Each structure stands twice: as C-alpha cells, then as structure tokens.
There are 2 protein chains.
Amino acid sequence: MKVKEVAALSGVSVRTLHHYDELGLLKPAETTEAGYRVYSDENLAELQQILFYRALGFSLKQIKEILSNPSFNRLEALVSQRQMLHQKRSQLDDMIRTIEQTIKEGKGEVTMTREERFKGFDFSENPYELEARDQWGDGVVDETNKKLQQFGGEQQEKMNAIYRRLAEVRHLPANSEEAQKAIGEWYQFLNTIGTYSMEAFEGLGEMYVADERFTTNIDQFGQGLANFMRDAMKEYAQRNS
Amino acid sequence: MKVKEVAALSGVSVRTLHHYDELGLLKPAETTEAGYRVYSDENLAELQQILFYRALGFSLKQIKEILSNPSFNRLEALVSQRQMLHQKRSQLDDMIRTIEQTIKEGKGEVTMTREERFKGFDFSENPYELEARDQWGDGVVDETNKKLQQFGGEQQEKMNAIYRRLAEVRHLPANSEEAQKAIGEWYQFLNTIGTYSMEAFEGLGEMYVADERFTTNIDQFGQGLANFMRDAMKEYAQRNS
DNA sequence: GTAAAGGCTGACGTAACGTAAGAGTCAACT
DNA sequence: AGTTGACTCTTACGTTACGTCAGCCTTTAC
C-alpha cells in the first residue's frame, strides 16, 4: 500500500507518515525504485500500536522506545503516564476554578440576581455549577425545575418509574443499548412537559452532576445515578444530533 | 528595576521577560544607554495581569489582544476559554479512562486477585479507583479499612465525632485554619490505629472520592464531605511534608 | 502524448520559552 | 586604575508533531 491509502485507512495524514518515517518510528517495509513508500500489513499493525499510545498522550519519542524495546516495561510506563495525566487534570481543574471565579466577579449584576433567585442555597463550593448553567442559559434549568416540581401525583410517579428503570441499568456502559433506551424514555418524558433540544438535554445532564441539589435527589434512586445519567444523556445527544 | 529583580519578584525567568519584550507584550518603561531594560511599577502591574491570564491558559497572543484592547470583551473571552478548558478536561478524562483499562488488562494476575479480594463489589464504573489504589499501594487502603471496621464502640464514636466536626466546617475553604485544624484531628486519629506518612494520608483522601464505598459512608455526615476532606487532606499533607 | 493524480524531498512556521555562547556593563574591592 | 564577579544584552538553536507550501518527478488513465 502506498502512503495515501494508508493515510485514508488509518486516519492520519500523509505528512504524518512521512514524519514517522523520518523519526524512524515507522519505516515502510519496502521502497520502490522511484522512492515511493510501500507499507505492508505488518506496518499497518505497527501504526495502530503507535496511534494507540499516541492517544494515551505518549510522545513519539516515548512510543519509539516502548515499541522498539520489546523488553520495555510497558506497565510501568502506563502507570507513570497516568500519573502525568492526572497532574494535568489537576492543573486544568485549578484553571477552571479560577476562571469561574473571575467570570463570577465580572458578572456583577447577574450574580446578584442569581443570588437573589437562589437565596438560601450556597453554590459557592461548586465551581462547575455556574458553568453548566451558562453553557445553555439557566432559563432552561429554572423552567424545568419548576415544571417538574409543579407536577404532582401521576406525573411524579411516572418520573419516578423512569428513574427506577435508569437506576437498574446504571452499571452498564452509557453507550449500551439498554442505557440508551432508558435515557430515551427520559428524553421523551421531558418533552411531554417542555421542549428540549439535544443540546439542552446534554446540558441538563451536566447539571445533574454539577448541581448538588440535582445530584442528591437523583442519587436517591441509586448511588451514581446522576453521573450515569449525565454520560448517557451526552451520548444520547450526540447520537441524535 | 532591572530584569533580575523583576524576575525574582514575579517568579518568571529573565528569559521570559526578554521574550515578552520581543513579542511586544511587555515593553519596559525605560531603556538605559547600555540597552538595559528598566521596568516601572506600572510594568509590574501589567506583568501581573499577563501572568493572571496566562494561568487561565490563554496564549500570549490572546493576552496581548485582551490587554492592549481596552474595549475587548473580556467576559466573552473568559467564557469561551472556559469552554476550551472543559473540552481539554474531557479529553484528558478519556485518556485516563483508556489508560486505566489498559493497565487493568495488562495486570492479568493482579486483577484476578483484586477481584477475588473484592468480590461482590463492582468497581468497573469508576476508572479512578484503581488509580488511587495504585498510587500509594493498596495495602494501606485495605489495612486502614480493616482496622477502622475492627474498632467498635468507643473508637467508632470518636471517629464519628471527628466526622461531625469536619462536616461542620466543610463549607469553608480547605486551606482555612478551621478546616486544617479539623483535618489535623483526623490525621491524629488515624495515627492512633496505624502509621501514615503524609503521602499516604493524601492518597487516602483521594480514595475518599475515588471509591464509592468511602464516598457514600463519609457523605452520610454531610453532602460533599468526602470531597472536602480530600482537599483538606491534600492541603494538610503539603503543608506538613 | 498529455494531463491529472499522487509521490518525494526540502524547508519554514508554530508556542513559549530553555539553554548556551560570546560580549559588553556596572559596582565594588584592591 | 585594574580586576573581578555579578548582571545584562543579543543571537540563535532546540523542543513537539506535524501543517503547509514549493518545486520537481512518476504513474496512470484517456
């Protein structure tokens, strides 16, 4: 196979293949007289390995070591890489917290009205709350919240039934058929009391974990349910947009 | 003030100041005949601004725009930046999940024994659990867990008292004096039943949020307590190492 | 035979500095 | 004045993983 074909198959660019060749990371099995690179099936497998480690955040240099040294301790590398990723995540969290704070301060009036609206609640501990509300407008949250609480009796029972069904499948992957079916019911239900775009639906899911009030209520049906629902809603939204 | 002084005050390198000068991001107020950069107090304030935005993950180019254009919509920039950070975090989470999975598979035997040890529990949903255990050896977790449950009556009551005290201050910042004092009691208590290095203490805190069993138990004393304890323990460990 | 499509090798650009290298400046001490 | 040590300056390459031309050759289809 020649470069373009490999590129198309693997999803990387031709330049990337050239680059990996230069680095000695992936040398084509053959080269024609004209200098064309010809890749073998084995080369393809190697490339997959490379892309796998690349997706884990390893540098090309590291990948080269890992793959060229069969005796290399991959497990150790994975563990330390995980450590690194975790540090990065911590840093990102710090940045997000700070940016939340800044946005909050800069909002002046808005913060005031929001505080009034939710007086009695203290969200200052949760930096993601503001974010989730912001991302798709908090009007939707408030509306939904209000409507949901307005409905008593029958609707309430129906809602609880869906929650229970969701709780049953919450240990399955969010992208499993069962999970998606159950979350689909949730979407349907919500749309009986309002209109939700996929985007709003996904945003609502974010709220479930971002806002303690939601989390607490939802998790009464099962530990971790809110989290599961967020994932499932995200998946659902992405499938149906 | 000359470069070195500014560097010392602000914590950046001399090279960085040179760099910012080149970019036109921070031009020193004066230059001596010999070409030495001389910074004013105002320059210092500018630098602080720069470092602030840098800490939020903005590129130098963006920072230049933000600071040079007084009419620039900073709020908008902050919001979109937050969005970006959030995406990055998602990507990192994906990577961590994948790496967890890989490590788990690669562990073969270890996974088996671990599964046996915790049969009945299903941790497959929580990719961070494995991680927290790994980072400082899961022997410590198991030991602590066992010992804590062995002690009944008096010790148990003492423990609960500390939990309650922690719950009371859980809305304060983790680095506040009250929080640190309370978490200090926790550290003392733990050391009456075992020996904990600061590192192990911090790791234990990670477990509190990583392992659902811990989170559930702890949060009975107050929503978000586990999370607060993790932060406080981290802070405590860093102060006392 | 010719043109389109694909391939190849340089080589510069990117972000934010780190790290010398070679050389001039300043203040203090002898 | 001379020297020395501490600073400072500019210049410029190294880093990461390719993207993006540019100029030129090969293969393939009509």
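None of the values given here were measured: they were computed from a predicted structure.
Classification of the B:Tyr236-B:Tyr187 ring pair by plane angle, with boundaries at 30° and 60°, yields tilted.
We find that NZ of A:Lys61 is positioned 10 Å from C1' of D:dT16, with the value rounded to whole Å. Separating the NZ atom of B:Lys4 from the C1' atom of D:dG5 is a distance of 11 Å, rounded to the nearest angstrom. Look at CZ on A:Phe58: it is 16 Å from C1' on D:dT16, rounded to the nearest Å. Taking atom CD1 of A:Ile50 as the reference point, atom C1' of D:dT16 lies 16 Å away to the nearest angstrom. Rounded to an integer number of Å, the gap from A:Met1 CE to C:dG7 C1' is 16 Å. The distance from atom CG of B:Leu51 to atom P of C:dA16 is 13 Å, rounded to the nearest whole Å.
Heavy-atom nearest nucleotides on DNA chain C were determined for B:Leu23 and for A:Asp21, and the one closer to the 5' end corresponds to A:Asp21.
With sequence neighbours excluded, the residues satisfying salt bridge (Lys or Arg N to Asp or Glu O under 4.0 Å) with A:Glu235 are A:Arg239. For A:Leu172, the side-chain contact (heavy atoms from CB on, under 4.5 Å) partners at least two apart in sequence or on another chain are A:Val169, A:Ser176, A:Glu178.
In terms of heavy-atom proximity, B:Asp231 sits nearest to B:Ala174 at CB-CB, 3.6 Å. Minimum interatomic distance between A:Leu67 and A:Glu46 (heavy atoms only, all atoms of both residues): CD1-O, 4.5 Å.
The side chain of B:His18 places an N or O atom within less than 4.0 Å of a non-bridging phosphate oxygen (OP1 or OP2) of D:dC9.
Of the possible polar contacts, one joining the A:Gln81 side chain to the A:Leu56 backbone as a donor-acceptor pair under 3.5 Å is found.
In this model, no donor atom of one side chain and acceptor atom of the other lie less than 3.5 Å apart for B:Gln91 and B:Asp94.
Judged as a salt bridge (Lys or Arg N to Asp or Glu O under 4.0 Å), the pairs with a partner in residues 8-30 of chain A (not counting sequence neighbours) are, in order, A:Arg15-A:Glu22, A:Asp21-A:Lys27, A:Asp21-A:Arg37. Sorted by first and then second residue, the salt bridge (Lys or Arg N to Asp or Glu O under 4.0 Å) pairs involving residues 55-71 of chain A (not counting sequence neighbours) form an empty list.
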_Each nucleotide in nucleotides 18-30 of chain D should get exactly one letter: B, S or -. Can you fill that in based on protein heavy atoms under 4.0 Å?_
BBB-----BS---
*Treat a base pair as Watson-Crick or G-U wobble with both distances under 3.5 Å, then lay out DNA chain C in dot-bracket form, 5' to 3', with | for cross-strand pairs.*
||||||||||||||||||||||||||||||
